[in-house]
Amino acid sequence: MDLQDKLGRLGISGNLFTVYLSAIDVGTATVASLAQRTGLPRTTTYDAVTRLEEEGLVEFQGSGRKRTVVARDPSVLMEYVAARRQMVTDMLPQLRSMYNHVRGKPQIRFYEGLEGIRTVLWDSLRDSSLTLRATFSMYEIEGTPGLDEIERYRQTRIERNISMRAIRSRSRDTHAIWPSSKEDMREVRFTPPTLTLAMTTLIYGDTVALISSKRENYGLIIESEEYAAHQGMLFEAVWMASEPAQPSVSGQPTDAP
């Protein structure tokens with residue numbers, strides 16, 4: 001895949017591509033000189049430059065007849081991609097809601113292995129307007145996807161201002177970590193000794209994500225209003241029967257989902 005194809009996939013195609021590469025090649029130029037270099041009409045070149053300026057890829061300097069077009073460092077393409085990723089993330093909840101409403105049927109997605117489990121885990125952070133309700137088998141997620149991945153997940157969850165209510169079983173905890181924490185927007189409860197949670201479940205909106213034991217090694221995403229409501233009801237019942245965890249003590253580690 002050549003440079004034109006790669007930039008085209010980012011939406012920089014046609015006249016935008018032609019003018020952008022010409023601007024990078026000369027560094028600083030007037031619209032008239034860019035039009036001459038590209039062979040495009042001046043109005044077409046000006047429209048392309050305006051679009052590129054809006055995207056933060058070039059900028060105008062000076063004024064009047066001395067006004068020139070200056071290409072910004074190509075590293076800004078990372079910001080360009082990040083802005084589009086954020087825009088898609090913001091649109092997804094509404095688009096998925098429309099998609100599922102039209103289809104009128106539950107959507108079930110099955111993922112195998114470590115990468116599949118990561119996909120399932122991160123899907124739960126797609127909508128920052130939702131509060132997560134989770135049951136965690138700490139023994140299982142410590143192995144897969146691992147504590148490093150969970151730490152990245154925790155940081156992202158907090159950055160997106162997503163709060164979490166989590167239920168765990170003391171018998172599945174391997175370390176005295178991840179307590180309730182206002183700073184981490186996390187409230188934790190422990191199940192009664194007779195109730196052991198061997199799978200991790202995340203409930204958010206009309207979606208339920210499940211992460212299996214290490215032995216079966218899979219993740220599952222179920223998008224269903226009825227199933228999510230049912231799982232939510234079961235979560236609330238277990239939550240009421242569970243014991244509130246002690247909040248974190250200042251200065252102690254609070255790393256957690």
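Heavy-atom minimum distance, T144 versus N217: CG2-OD1, 4.1 Å. Taking every heavy atom of both residues into account, A209 and V120 meet most closely at CB-CG1, 3.5 Å.
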- Query: Taking it one step at a time, do Y218 and F110 satisfy ring pair (Phe, Tyr, Trp, His ring centres under 6.0 Å)?
  - Reply: CA-CA 7 Å; Y218 71 86; F110 178 82; 5.5 Å; yes

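More than 12 heavy atoms of other residues, nucleotides or ligands shown are found within 6.0 angstrom of CD on E59. Open room surrounds CD on Q36; 12 or fewer heavy atoms of other groups in view lie less than 6.0 Å from it. Heavy atoms from other residues, nucleotides or ligands lying under 6.0 Å from CZ of R42 number 12 at most.
Looking at R186, its side chain does come within 3.5 Å of a backbone N or O of P179 through a donor-acceptor pair. Listed for the T44 side chain is no donor-acceptor partner under 3.5 Å among the backbone atoms of L40.
Geometrically, R168 does not engage F136 in a cation-pi contact defined by less than 6.0 Å to the ring centre and at most 45° from the axis.
Residues D123 and Y204 bring a donor and an acceptor atom of their side chains to less than 3.5 Å of each other. A donor and an acceptor atom, one from each side chain of S124 and Y153, are located under 3.5 Å apart. Remark: the W239 side chain and the E187 side chain contain no N/O donor-acceptor pair separated by less than 3.5 Å.
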